[in-house]
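Notes follow the structure.
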Amino acid sequence: MPGLQESKLAFIGGGNMASAIIGGLVNRGIDKQNIYVSEPWEVNRSKLATIGVRTTTDNTEAGGDADIVIIAVKPQVTKAVCEELGASWTQRKNLPVLVSIAAGITLSSLQEWSRTGDGRSAHVVRVMPNTPALVSEGASGAFASADVSASEKDLVNSLLSSVSKATEWVDREELLDVVTGLSGSGPAYFFALVEHLVTSAMSLGLTKEQATRLASQTCLGAGKMLVESSEEPGQLRKNVTSPNGTTYAALQAFEAEGLEQIVDKAVKAAACRAAELGNTLAK
């Protein structure tokens with residue numbers, strides 16, 4: 001298996017997440033001619049072509065001889081795409097690493113759908129990225145089939161590092177549903193909190209623009225402190241909470257309204273829904 005710099009990469013699907021990963025790879029100096037994208041929509045193909053990567057509408061043309069194939073299509077069409085690719089790989093001696101970012105599609109489904117005519121299956125890795133990958137600040141969870149080697153995992157890590165600052169490998173597939181509830185859906189929780197902060201500040205007299213700028217920078221700064229500090233989140237919270245001070249008053253209000261239980265229910269609801277979608281799409 002060649003390293004990432006020498007590998008042929010095929011993206012099946014050229015939407016926002018695929019484009020983010022491709023942009024990150026190009027910025028790292030990956031040879032643009034080693035990146036092939038199959039995308040049915042001309043608008044997306046044109047955008048990718050301007051980057052300098054190769055584009056096509058033919059999945060097997062892009063993924064037929066690739067070392068790594070990234071499935072970045074809608075879950076509903078993943079089966080047809082994998083079956084098409086698997087049939088095209090029948091004559092290949094060495095099968096590619098198949099990396100799926102299609103939400104909810106299980107490992108067993110990906111293996112079954114991508115089988116070659118002689119019964120072999122590609123080594124499969126499921127990845128749950130999140131939308132901050134679009135600004136190279138992503139967080140991803142990953143789970144690999146048992147036949148994925150350490151060197152293949154390293155290859156996937158290199159691929160994801162172009163857009164993800166944190167990639168966590170889980171040892172049970174169902175934990176990807178937890179990753180979905182935490183970091184996959186997490187940006188929306190963050191945006192919802194900022195919305196409410198802005199609305200509250202506006203009700204107290206700040207303009208929308210002022211409140212948005214202050215809330216955005218506050219969250220950015222707090223996030224940077226969290227990433228760069230060696231202290232746990234709970235300790236960082238305590239560091240800015242003076243006894244009977246303003247922050248203490250706000251946190252008491254959170255506690256009175258059951259913030260801990262609200263967050264717990266939200267993460268569990270997202271994780272359960274991810275599991276439900278996976279079971280439905282596998283049928």
Side-chain angles (χ1 to χ4, degrees), residues 20 24 126-143 153-154 156-158 160-206 208-275:
R126 280 188 62 193
V127 174
M128 171 48 64
N130 65 2
T131 54
L134 299 173
V135 291
S136 300
E137 292 288 348
S140 301
F143 178 75
K153 281 188 176 182
D154 288 341
V156 175
N157 276 330
S158 295
L160 295 176
S161 68
S162 63
V163 291
S164 282
K165 293 295 178 67
T167 297
E168 298 295 333
W169 290 83
V170 296
D171 56 9
R172 302 197 314 275
E173 186 169 13
E174 60 266 28
L175 291 178
L176 278 185
D177 296 328
V178 181
V179 172
T180 300
L182 174 61
S183 57
S185 299
Y189 315 156
F190 172 82
F191 299 142
L193 176 61
V194 173
E195 279 186 281
H196 298 319
L197 287 171
V198 169
T199 299
S200 179
M202 287 171 61
S203 73
L204 295 171
L206 289 182
K208 183 177 182 179
E209 292 74 16
Q210 289 174 323
T212 300
R213 285 193 293 268
L214 287 169
S216 299
Q217 184 57 43
T218 297
C219 291
L220 175 63
K224 188 171 183 180
M225 287 178 67
L226 189 60
V227 169
E228 296 183 357
S229 174
S230 60
E231 296 183 311
E232 294 185 352
Q235 185 58 50
L236 291 172
R237 170 183 54 78
K238 292 175 184 177
N239 292 348
V240 295
T241 308
S242 301
N244 297 316
T246 58
T247 307
Y248 177 80
L251 293 175
Q252 286 294 102
F254 276 144
E255 185 175 339
E257 295 299 322
L259 178 64
E260 181 178 353
Q261 291 75 27
I262 291 170
V263 172
D264 184 55
K265 287 181 180 179
V267 173
K268 287 178 178 176
C272 287
R273 182 57 180 154

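Here the structure is a predicted model, which is why all the values come from computation and not from measurement.
Rounded to the nearest 0.5 Å, atoms CG (Asn130) and CG (Leu182) are 9.0 Å apart. One distance of note links CG of Leu214 with SG of Cys219; it measures 11.0 Å at 0.5 Å rounding. In this structure, NZ in Lys268 is found 14.5 Å from CG in Asp177, a value given to the nearest 0.5 Å. Distance check: Phe254 CZ to Ile262 CD1 gives 9.5 Å after rounding to the nearest 0.5 Å. Atoms CG and OG1, on Leu204 and Thr199 in that order, are 11.0 Å from each other to the nearest 0.5 Å. A distance of 7.5 Å separates CD in Gln261 from NZ in Lys265, rounded to the nearest 0.5 Å.
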Give the intermediate values and the outcome of side-chain contact (heavy atoms from CB on, under 4.5 Å) for residues Val179 and Glu168. CA-CA 9 Å; Val179 172; Glu168 298 295 333; 6.0 Å; no
If you apply the rule side-chain contact (heavy atoms from CB on, under 4.5 Å), what do you find for Glu255 with Leu251, and how did you get there? CA-CA 6 Å; Glu255 185 175 339; Leu251 293 175; over 6 Å; no
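Using a distance-only test at 3.5 Å, with no hydrogens or angles considered, no donor-acceptor pair links the side chain of Ser200 to the main chain of Leu197. Remark: the backbone N or O of Tyr248 is not paired with any side-chain donor or acceptor of Thr241 at under 3.5 angstrom. For Thr167 (side chain) and Asn157 (main-chain N/O), no donor-acceptor pair under 3.5 Å exists by modelled atom type.
Minimum interatomic distance between Leu236 and Met225 (heavy atoms only, all atoms of both residues): CD1-O, 4.2 Å. For Pro187 against Gly184, the heavy-atom pair with the smallest separation is CD-O, 3.7 Å. Of all the heavy atoms in Phe143 and Val170, the pair that sits closest is CD1-O, 3.2 Å. Of all the heavy atoms in Leu134 and Ala20, the pair that sits closest is CD2-CB, 3.6 Å. Among all heavy-atom pairs drawn from Met202 and Ala211, the shortest one is CG-CB, 4.4 Å. Nearest heavy-atom pair across Gly181 and Tyr189 is O-OH, 2.7 Å.
In summary, of the residues considered (Ser164, Ser183, Ser161), a side chain to side chain donor-acceptor pair (under 3.5 Å) with Ser140 occurs for Ser164 alone.
Atom CD of Gln235 sits in a crowded spot, with more than 12 heavy atoms from other residues, nucleotides or ligands closer than 6.0 Å.
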